[in-house]
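First comes the structure, then the notes that go with it.
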Amino acid sequence: MRTIESLGDVSGKRVLVRSDFNVPLKDGVITDDGRIRAALPTLELLTSSGAKVIILAHLGRPKGEVKAEFSLAPVAKRLGELASAPVHFATDTIGTSAHETVAALPDGEIALLENVRFDPRETSKDDAERETLAREYAELGDVFVSDGFGVVHRKQASVYDIAKILPSAAGLLVVKEIDSLRKATEDPKRPYAVVLGGSKVSDKLGVIANLLTKADILLIGGGMAYTFLAAQGHPVGTSLLEADQIDTVKGYLDEAATRGVDLVLPVDVVVAPAFDADAPATVVDADAIPADQMGLDIGPKTRELFAEKLASAKTVAWNGPMGVFEFAAFADGTRAVAAALSEGSMFSVIGGGDSAAAVRQLGFDESTFSHISTGGGASLELLEGKVLPGIAVLED
Ligand code: ADP
Ligand code: MG
């Protein structure tokens, strides 16, 4: 992967940077600026080298239309507070404001352009449409730095097409993410354990096929566990269930057995009659979930079992909470996995937006994990062994 050094001296040059500023907003206020902070090292490196930095970024899903609630204006304000260089905001992406802002931009300063997804061509499936837009972006810069890790699995104009037009390289965040995730996926120190959970069950089942060829230990919790329990013939009450995936999952159970992968399912679960913070919680064996109850967390025996398995691992990748951690009564499973990684000396990588949020919300010190990824979908696709278009385009 080409790095910023490959671009040579950037002093006085217009450097287009793709950043991931897709932050959560509530009533126009940024509730977690983690992604803006994660973008700073690359921006500081470039501005301190005397580059004119022009940032392309998106926020939310405006679906190709200009919508005020998806404006990057609040991000421009926060970035201005966090960056050491002055930040100028263009009120369009490739229009008059963008051209004027870039033309007037002094060396060592930053211009943030408005949401790239206000233009339908950004995410178009039509290669020619995306390329036309990328050529318009290219008029604003001399070189391109790809640093939006959260979008590198997308074949989009500001991620992929632009990198084919201008001299391009990976930014510091993308390099750090790829290094960490490759360390945990390509040639991991063994035993290699993967913990999967969360609620996007069908999305994540695809990962398992690949992991069965790589991991030594596979711990399954969260909403995904119930499709596995059902595949073993157990009743799962009103728990999350992907009934149409049961046959596929039976195949995974067989393959794990054939390959000698230690696939571990919950032995007990915390159930409740409703998806509610105040619902009365009880612990039942995993093969005895009552018909009118749903599993909302892994139980105490499972927490202990998972912690034991994790303690034996040298590499752990974790994606997806073990239960509905947003409700205090169902957060212990997620807390137990986080604690095992936080206290352990293994190489640990956490991917997934909610998993990362859970670790922070439960009060763990982020520095006690080897790496917390800023990209959910991108990190999952790396676990899956997929080639990411936004990375492939930066390889020599
Ligand atoms: P990530 O963002 O880390 O990839 P997901 O988006 O797949 O994770 O899932 C996160 C969500 O999964 C959380 O909001 C959590 O409440 C939910 N979840 C975890 N376990 C269960 C469960 N047993 N039933 C329903 N939802 C669950
Ligand atoms: Mg999520």
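Whatever order the structure lists them in is the order used to number ligands and atoms, beginning at 1. The first residue in the sequence is number 1, and the count goes up from there.
Of all protein heavy atoms, the one closest to atom 27 (C) of ligand 1 is V324 CG2, 3.6 Å. Taking atom 13 (C) of ligand 1 as the reference point, the nearest protein heavy-atom neighbour is E326 OE2, 3.3 Å. Atom 21 (C) of ligand 1 has its closest protein heavy atom at G223 N, 3.6 Å. For atom 9 (O) of ligand 1, the nearest protein heavy atom (residue, atom name, distance) is S199 N, 2.9 Å. Atom 19 (C) of ligand 1 has as its closest protein heavy atom G323 O, 3.2 Å. With respect to atom 8 (O) of ligand 1, the closest heavy atom belonging to the protein is K204 NZ, 3.3 Å. The shortest contact between atom 6 (O) of ligand 1 and any protein heavy atom is with D354 OD2, 3.0 Å.
Looking only at atom types and distance, the side chain of T213 has no donor-acceptor partner in the side chain of R259 under 3.5 Å away. Counted by atom type alone, S202 and Q245 present zero donor-acceptor pairs between their side chains at under 3.5 Å. Using modelled atom types and a 3.5 Å distance limit, the side chains of S19 and D147 yield no donor-acceptor pair.
A salt bridge between E304 and K301 is absent, with no side-chain N of the basic residue lying under 4.0 Å from a carboxylate O of the acidic one. A salt bridge between K386 and E384 is present, with a side-chain N of the basic residue lying under 4.0 Å from a carboxylate O of the acidic one. Under the 4.0 Å criterion applied to side-chain N and carboxylate O atoms, R130 and D127 are assigned as salt-bridge partners. Contact check on R190 versus D216 returns a salt bridge, with a Lys/Arg side-chain nitrogen under 4.0 Å from an Asp/Glu carboxylate oxygen. Using a 4.0 Å cut-off between charged nitrogen and carboxylate oxygen, D179 and K176 do not count as a salt-bridge pair. Using a cut-off of 4.0 Å between Lys/Arg side-chain N and Asp/Glu carboxylate O, R135 and E139 are scored as not salt-bridged.
Listed by number with element, the atoms of ligand 1 under 4.0 Å from a non-hydrogen atom of Y226 are 23 (N). For ligand 1, the atoms sitting less than 4.0 Å from at least one non-hydrogen atom of G222 are 20 (N), 23 (N), numbered in the order shown with element in parentheses. The ligand atoms of ligand 1 that sit less than 4.0 angstrom from a heavy atom of P321 are 3 (O), 8 (O), 10 (C), 19 (C). If you number the atoms of ligand 1 from 1 as listed, the ones under 4.0 Å from a heavy atom of N319 come out as 4 (O). Every atom of ligand 1 with a heavy atom of S355 under 4.0 Å away is listed here by number and element: 1 (P), 3 (O).
Heavy atoms of G353 approach ligand 1 to within less than 4.0 angstrom.
With a heavy-atom cut-off of 4.0 Å, D203 does not touch ligand 1 at all.
Side chain of D297 to main chain of G333: a donor-acceptor pair is present (N/O by atom type, distance under 3.5 Å, no hydrogens or angles).
Residue nearest to atom 23 (N) of ligand 1, selected from G295, G351, S373: G295 (by heavy-atom distance).
By the 30° and 60° cut-offs, the orientation of the rings of F364 relative to F369 is perpendicular.
By the 3.5 Å distance cut-off applied to N or O atoms, F325 is not counted among the residues near ligand 1.
Atom OD2 is the N/O/S atom of D354 found closest to the Mg ion (ligand 2).
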